[in-house]
*Asks:* 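Dropping a structure here in structure tokens format, bear with me for questions.
Both ligands and their constituent atoms are indexed starting at 1 by order of listing. All heavy atoms count here, side chains included; hydrogens, waters and symmetry mates do not.
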Amino acid sequence: MSILEKLNLPSPVTQIKNPLLDEKKIQLFIKRDELIHPVIQGNKWRKLKYNLLKANNKGKKTLLSFGGAYSNHLHALAAAGKELGFKTIGIIRGEAPRVLNPCLQDMMNWGMQLKFITRLEYKQKNNPEFIKNLKTEFSDFYLIPEGGNNTAGKKGCAELLDELEDHYDVICCEVGSGTMLSSLIHTNTDPDTRFLGFAVMKNTMLNEEINASLELSKTLSDWTINHEYHFGGFAKSTPELNDFIVDFKQTYNIQLEPVYSGKMLWGILDLVKYDYFKKGSKILAIHGGGLQGLRGFKQFKEKG
Ligand SMILES: *Cc1c(COP(=O)(O)O)cnc(C)c1O
């Protein structure tokens, strides 16, 4: 796949150093998946990879998927489609806005056909009858579920662990649907690594959902989802979180965003403060990318 040569893989790992981490004797590293590509990055590249390969192998010319009006997934898909010569169709949750936001504007500029449907209709996104109607409307396409959350998506996420050269006691990731986290739990072979997910929305069902997705017959790594740092819900932020993101960029030259990585890094450093991690722990935080999402927040608008 021609795109693979343009990607910065394996993504680099950067150590974060500050007085708090020194005092608590914690080593913190960030897996820089946001640097994989300016747009086709992070979590969403990992999930797209095998979907794109599969579509290509099946000789499909069109990719169709689902998402919200600020979807990192559809944004990456539109860019990948343009890069690889696929036609792309984005089915978007909610009425068409009078003015397209920058995310939708990019998608359209990259040739994605946008179809807006009501929130009620959107709930049908996995319903076979609904998909059949889409096939009638758009003829033949390769379907990628919302977020790239399918078996091919999990396979791509699993590759992240192969890229690690060192042992980490705790590996942290952002949790939306939990696809990344459950893929990591499944794939890990280091018995001394445990996984800590940070829920980015209020969803108390997450643990059960992830449990349901795991083959409990297998010996699995320890994992926990922390629900304390969603900042009020999905894509909700606060002035404090926004300031934290600005400071983080100034201090470490690493760009975070408020939907995912800002919440996780805030959470990790907060937990360090409260001695949640054992002294001497080596922690890896996976930056899931999604930096285009910054443009949805007033404070970051100019920086696009
Ligand atoms: C979609 C997304 C996630 C959520 O990942 P899940 O596998 O759904 O838990 C995390 N981080 C970023 C940057 C994302 O775009």
Side-chain angles (χ1 to χ4, degrees), residues 11 30-51 65-80 93 103 106-107 125 144-161 171-187 195-203 205-214 223-227 229-231 233-235 237 245 254-268 285-297 300:
S11 61
I30 301 185
K31 173 83 169 150
R32 307 290 301 280
D33 267 15
E34 88 282 13
L35 299 179
I36 291 175
H37 181 275
V39 176
I40 312 163
Q41 58 181 234
N43 181 298
K44 297 305 184 280
W45 157 251
R46 303 261 176 207
K47 291 170 178 173
L48 276 178
K49 179 178 173 183
Y50 287 100
N51 278 298
S65 193
F66 300 89
Y70 292 90
S71 169
N72 288 338
H73 164 66
L74 288 182
H75 194 254
L77 178 67
R93 183 183 59 230
C103 176
D106 281 346
M107 280 150 54
K125 62 184 187 288
I144 305 176
E146 182 187 61
N149 300 326
N150 57 7
T151 312
K154 280 195 180 174
K155 185 172 169 190
C157 291
E159 288 183 345
L160 195 151
L161 293 177
I171 296 182
C172 302
C173 71
E174 307 134 353
V175 177
S177 68
T179 303
M180 170 64 82
L181 179 62
S182 77
S183 171
L184 296 176
I185 299 167
H186 250 139
T187 315
F195 292 84
L196 174 60
F198 286 86
V200 299
M201 64 185 85
K202 288 184 196 165
N203 180 358
M205 290 295 290
L206 264 172
N207 296 42
E208 284 165 50
E209 285 166 19
I210 291 184
N211 257 321
S213 81
L214 297 172
W223 60 278
T224 318
I225 298 180
N226 179 298
H227 290 274
Y229 300 101
H230 57 62
F231 287 78
F234 185 67
S237 188
I245 288 165
I254 296 178
Q255 184 69 64
L256 307 175
E257 45 66 52
V259 185
Y260 296 101
S261 51
K263 292 178 181 179
M264 173 180 66
L265 263 308
W266 173 303
I268 292 171
I286 300 167
H287 188 319
L291 293 181
Q292 70 89 23
L294 270 175
R295 300 176 302 181
F297 294 83
F300 301 101

*Asks:* A cation-pi test, strictly: NZ or CZ of Lys44 under 6.0 Å from the centre of the six-membered ring of Tyr260 and no more than 45 degrees from its axis. Yes or no?
*Replies:* yes
*Asks:* Check if Gly42 has a non-hydrogen atom at a distance under 4.0 Å from any atom of ligand 1.
*Replies:*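 Heavy atoms of Gly42 never come under 4.0 Å of ligand 1.
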*Asks:* Using non-hydrogen atoms of the residue, decide whether Gly147 is closer than 4.0 angstrom to ligand 1.
*Replies:* no
*Asks:* Quick one: look up the protein heavy atom nearest atom 11 (N) of ligand 1 and list residue, atom name and how far away it is.
*Replies:*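 Checked against all protein heavy atoms, atom 11 (N) of ligand 1 sits closest to Glu174 OE1, 2.6 Å.
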*Asks:* State the atoms of ligand 1, each with its element, that fall below the 4.0 Å cut-off from a heavy-atom position in Val175.
*Replies:* 9 (O)
*Asks:* Please name all residues satisfying side chain to side chain donor-acceptor pair (under 3.5 Å) with Ser71, sequence neighbours left out, ordered by chain then number.
*Replies:* none
*Asks:* May I ask you to decide if Leu256's main-chain N or O and Ser261's side chain share a donor-acceptor pair within less than 3.5 Å?
*Replies:* no
*Asks:* Report yes if the distance between the aromatic ring centroids of Trp266 and Phe198 is under 6.0 Å, otherwise no.
*Replies:* no
*Asks:* Would you say Lys202's side chain and Gly233's backbone share a donor-acceptor pair under 3.5 angstrom?
*Replies:* no
*Asks:* When only distance counts, is Gly178 in polar contact with ligand 1, meaning an N/O pair under 3.5 Å?
*Replies:* yes
*Asks:* Test your reading of the model: is there a side-chain donor-acceptor pair from Glu34 to the backbone of Leu291, 3.5 Å cut-off?
*Replies:*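 No; judged by distance alone, with no hydrogens or angles, the pair does not exist.
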*Asks:* Run the numbers for me: atoms of ligand 1, each under 4.0 Å from some heavy atom of Gly289, listed by number.
*Replies:*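 Those atoms are 13 (C).
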*Asks:* Can you tell which of Ala76, Ser177, Gly67 gets a heavy atom nearest to atom 8 (O) of ligand 1?
*Replies:* Ser177
*Asks:* Determine whether any heavy atom of Lys47 lies closer than 4.0 Å to an atom of ligand 1.
*Replies:* yes
*Asks:* Quick one: which ligand 1 atoms are inside 4.0 Å of a heavy atom on Met180?
*Replies:*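 Numbered from 1, ligand 1 contributes 7 (O).
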*Asks:* Under a 3.5 Å cutoff, is there a donor and acceptor pairing between the side chains of Gln292 and Asn72?
*Replies:*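 Their side chains do contain a donor-acceptor pair, which is all the 3.5 Å distance test asks for.
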*Asks:* Under the side chain to side chain donor-acceptor pair (under 3.5 Å) test, which residues partner Glu146, sequence neighbours left out?
*Replies:*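 For Glu146, the residues satisfying side chain to side chain donor-acceptor pair (under 3.5 Å) (neighbours in sequence not counted) are Tyr122.
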*Asks:* Who's the nearest protein heavy-atom neighbour of atom 14 (C) of ligand 1, and how far?
*Replies:* Lys44 NZ, 2.9 Å
*Asks:* So which heavy atom in the protein is nearest atom 13 (C) of ligand 1, and how far is it from that ligand atom?
*Replies:*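 Heavy-atom neighbour on the protein nearest atom 13 (C) of ligand 1: Gly288 O, 3.1 Å.
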*Asks:* Any atoms of ligand 1 less than 4.0 Å from a non-hydrogen atom of Thr179? List them with their elements.
*Replies:*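 Those atoms are 6 (P), 7 (O), 9 (O).
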*Asks:* Looking only at heavy atoms of Leu181, does any of them come nearer than 4.0 Å to an atom of ligand 1?
*Replies:* no
*Asks:* For the residue pair Lys155 and Tyr50, would you count it as a cation-pi contact if the rule is NZ or CZ under 6.0 angstrom from the ring centre and within 45 degrees of the ring axis?
*Replies:*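 Yes, Lys155 and Tyr50 form such a contact.
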*Asks:* Nearest to atom 5 (O) of ligand 1, what protein heavy atom do you find, and at what distance?
*Replies:* Asn43 ND2, 2.9 Å
